Protein chains: 2
Amino acid sequence: MINTDELMSIRAAELYYEENKTQDEIGSILRLTRWKVGRLLAQAKASGFIRIEIVHPRARRLPVERRLRESTGLTDAIVVSSVGVANDEELQSRTAQAAADYLTGLRPIPRTLGISWGRTLHDVSLHLKHGWAPGVDVVQINGGVSLNKRAGTAATTAVTIAHKAFGAATLLPSPAILERLETKQAIESDRAVAAVLEQAAGASAYLYSAGQADAHSALVDSGYLSPDEVAELVRRGAVGDIVGRYIDKNGDIVDSELDERTLGIQLEQLRRATLAIAVISGGAKHAVARAIVGSGLCTVLVTDEDTARALLGDDV
Amino acid sequence: MINTDELMSIRAAELYYEENKTQDEIGSILRLTRWKVGRLLAQAKASGFIRIEIVHPRARRLPVERRLRESTGLTDAIVVSSVGVANDEELQSRTAQAAADYLTGLRPIPRTLGISWGRTLHDVSLHLKHGWAPGVDVVQINGGVSLNKRAGTAATTAVTIAHKAFGAATLLPSPAILERLETKQAIESDRAVAAVLEQAAGASAYLYSAGQADAHSALVDSGYLSPDEVAELVRRGAVGDIVGRYIDKNGDIVDSELDERTLGIQLEQLRRATLAIAVISGGAKHAVARAIVGSGLCTVLVTDEDTARALLGDDV
DNA sequence: GGGCATATTGCTCATATGAGCAGGAGGGGC
DNA sequence: GCCCCTCCTGCTCATATGAGCAATATGCCC
C-alpha cells in the first residue's frame, strides 16, 4: 500500500514539473501550505520518483564521473550519456567525440602526444577540429603500419591528429608484432626505429584505446594474429589488448613470449606516465576497461555510461 | 555540426541538474554571466534536451490530459503514465487504479452508478478502498450473469463496488445476448428486468469499459459469441464492444440484428448521459477508444498514455 | 562605409524557493 | 494519566531565479 504523502508528492510533482505551477499554487490546489509542497517535492526527488535526463549526443554524466574519480585512482574521468543510443556505433562515436573534446580542452597543452592506432583512435582523429591545438607533435607508440588491411589507417590517424594541431607526426616504421624475437630485436635497434621509440618514451601525454580479446580485434583484422591464437590467449585469461599487448584481468601480460615480439612502448611506461588517456566504449570492452583502470594503466578514462557503471559495480 | 550555444547549454544543464550548482556558479565555471546561463538552460528545456519524468505507478500525464480535453469533447480525461511499464497487465492495473481514484474523488457523489462488467471493471472494483463513498447504489447496465465462465465475476464486480460504498447493488438478471429476438423481448418486458433497466436508465453516472474486437473479447470468453462470429463482425468494421454492443470506427452499431438481441441500455442513453466514464487501456484498444471518444459515447475517459497519444495523433 | 533593423547582452526588480528554527502534535514509557 | 521525546508544521529570512527593459553588438542593404 502506498502512503498518502507519497501520493501527494506525485500529484505535486505533476503540477510542478508538467504544469509549471508554483509551489504556492500547488498548495492551494492540494490544500497544503507551500512549505509542505516544497517538502513533498524534495521527498519525491530523494525517493527517485523524479527522473531528469539530459538527452543529447554530447551529454556527459558528471555524477558518474565524480564517482569514478573517487573510487579509482583516476585523475579524471569523462563519461558520455548512453540515453537514447540505438547501437554500439553511435556510442563509440559519442565517446570518440568526448575524447576529442577532452584533448582540445587539455591544459597544459602537451608538446608531444603518444598515440596507438585502431578504429577508436581513428574516430577521435576525425572528431578533432582543425586547429584544435596550437602545435602538438604526434608520435606512434606501437607498430602497425605494414600489415594493416585498411591501408594506412594507423598512419592516417597520427597524421590527421598532428596536422589538425599544426604539428608533426612521427610514425613508427615497424609491424606491431614480429614473427621472430630476433627480427624484433633487430628492428628495435635500428636507428630510425629506436629514435621513434625514444621520442615515444618522452611524450608528455599518451592517448590510446583498447581492443577486446576476440576474433574482432584489430590485431586479427590486420593479420598479426589468427583467431585461433587469440582464442588461446583468451583461454589463458586475456581480456583485451592495449598498444598491441594482451593483458589479463589484473592488467598483466598474458603471454610474455608473444609480448617480447611486440614492438612499442612497455606497459610500465604507460603506468609511469603523468597523463595517459584511455578511450574505451562498448559492452564488449567492460572487462578490458576494468583491467586497465584497476591496474593503473591510465590516468584519464574516456568512456560511456554503461562501461562506467560496470566499473562502479552498479546494478542497472 | 552542433553550434556552440547548444553545447554550452548541455554543459550548463549537466552542472545545473546533475551537480546541483546554481546558475551563478555555472557562470563562473563556464565563464558566462548568470543570465546567459539562465537563458541557455531555458533554451535547453525548450529544445527538449531536458527530459523530466515522474517515475511512479500512480503518476499521471497532466499535459496529455489537457490536450485531450481541448481536442475532444471530453469534460475530463485521466491519463496514467506508461513510463517503466513492462507489460499490458501492469498498464491495465494502473489505469484501473486511476479510475478508482477518479470515482473516489468525484463530486457530487453520484446516487446511482450504472456499470458494465469485464476484466477492467473488476480490476477497478478491487482498487476501490472500503468506504470510498458514503453510499452509492450500483446497477448493472447490461446483461451477463448466467453464461459467464469466470462464475459470478459480473455480479461480484457490482456487489464489491456497492459494498465498499455502503450502497446496494442491483443486478440485471439476464444474459448479455439472447439467441432469439423474441426471447430478448420477453425477458426485457419481465417486471424484474424492466425495473432494473429503468433504474439503469436513471443512473446519475455510468462507468464502463470496452472490449477489443477479436477472439480475446470477454463476450467470446463468456460464450455469447463464437470467434467466427466476431471475425465476421470485424469484417463488417467492428473495432470493439461496449456494454455488449459492437461498434465500428464511427461509434455506430455494426450489426443491428445482433444488437436487437443484446440486452442492456442503448448507446444513445450513454450519449445523453451527463457523466459517462470509460476506462480503456492497452494497445489493442486504441481503435475502440477512438470510436468511443470520437462519437461522444463518454464524457470522461480514463486511459493510459499510449492510448491517449494514439487519440491525439502523436507520433511517438 | 553609413545607417537601419534585429539579435544579443547585462542589468533592475519582483517573485519563487530552500535553510533553519520555534512551537506544537503525537506517541510511547512509566 | 502524565511526562518526555520525537517528528512534523508553519514561520522568518536569505538566496536563486525569471521577467522585462535599456544598451550594445551584429548583420545587412545600399
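In what follows, chains are A, B, ... by sequence order, proteins preceding strands, each numbered from 1. Remember, it's a predicted structure, so these values are computed and weren't measured experimentally.
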Protein and nucleotides 25-27 of chain C: nitrogen or oxygen contacts under 3.5 angstrom:
none

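- Using a cut-off of 4.0 Å between Lys/Arg side-chain N and Asp/Glu carboxylate O, A:Arg61 and A:Glu65 are scored as not salt-bridged.
- Sorted by residue number, the list of members of residues 46-55 of chain A with any non-hydrogen atom under 4.0 Å from DNA chain C is empty.
- Residues forming a side-chain hydrogen bond (donor to acceptor under 3.5 Å, both in side chains) with B:Arg69 (at least two apart in sequence, or on another chain): none.
- A search for salt bridge (Lys or Arg N to Asp or Glu O under 4.0 Å) contacts involving A:Glu89 returns nothing, not counting sequence neighbours.
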Checklist entry - In the 5'-to-3' direction, what one-character label does each nucleotide of nucleotides 5-18 of chain C receive under the scheme B = base within less than 4.0 Å of a protein heavy atom, S = sugar-phosphate only, - = no such atom? => result ----BBBB---SBS
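- Considering only residues two or more places apart in sequence or on other chains, B:Asp101 meets the side-chain hydrogen bond (donor to acceptor under 3.5 Å, both in side chains) condition with B:Arg58, B:Gln97.
- Under the rule for a side-chain hydrogen bond (donor to acceptor under 3.5 Å, both in side chains), the partners of A:Arg11 that lie at least two apart in sequence or sit in another chain are A:Glu14.
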Per-pair distances, 0.1 Å, donor-acceptor, side chain in residues 26-41 of chain B, under 3.5 Å, sequence neighbours excluded:
{"residue": "B:Ser28", "atom": "OG", "partner": "B:Glu25", "partner atom": "O", "Å": "2.9"}
{"residue": "B:Thr33", "atom": "OG1", "partner": "B:Lys36", "partner atom": "N", "Å": "3.2"}
{"residue": "B:Lys36", "atom": "NZ", "partner": "B:Asp5", "partner atom": "OD2", "Å": "3.3"}

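- Listed by first and then second residue, the side chain to side chain donor-acceptor pair (under 3.5 Å) pairs involving residues 44-53 of chain A are A:Arg51-B:Glu53, A:Glu53-B:Arg51 (not counting sequence neighbours).
- Residues satisfying the side-chain hydrogen bond (donor to acceptor under 3.5 Å, both in side chains) criterion with B:Gln43, sequence neighbours excluded, are absent altogether.
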Tell me which donor-acceptor pairs under 3.5 Å the side chains of residues 72-85 of chain B have, and how far apart each pair is, sequence neighbours excluded?
{"residue": "B:Thr72", "atom": "OG1", "partner": "B:Leu68", "partner atom": "O", "Å": "2.6"}
{"residue": "B:Thr72", "atom": "OG1", "partner": "B:Leu74", "partner atom": "N", "Å": "3.3"}
{"residue": "B:Thr75", "atom": "OG1", "partner": "B:Thr299", "partner atom": "O", "Å": "3.0"}
{"residue": "B:Asp76", "atom": "OD2", "partner": "B:Tyr102", "partner atom": "OH", "Å": "3.2"}
{"residue": "B:Ser81", "atom": "OG", "partner": "B:Val83", "partner atom": "N", "Å": "3.1"}
{"residue": "B:Ser82", "atom": "OG", "partner": "B:Asp306", "partner atom": "OD1", "Å": "3.3"}

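- Screening residues 59-78 of chain B for ring-ring contact (aromatic ring centres under 6.0 Å, His included), with sequence neighbours left out, gives no hits.
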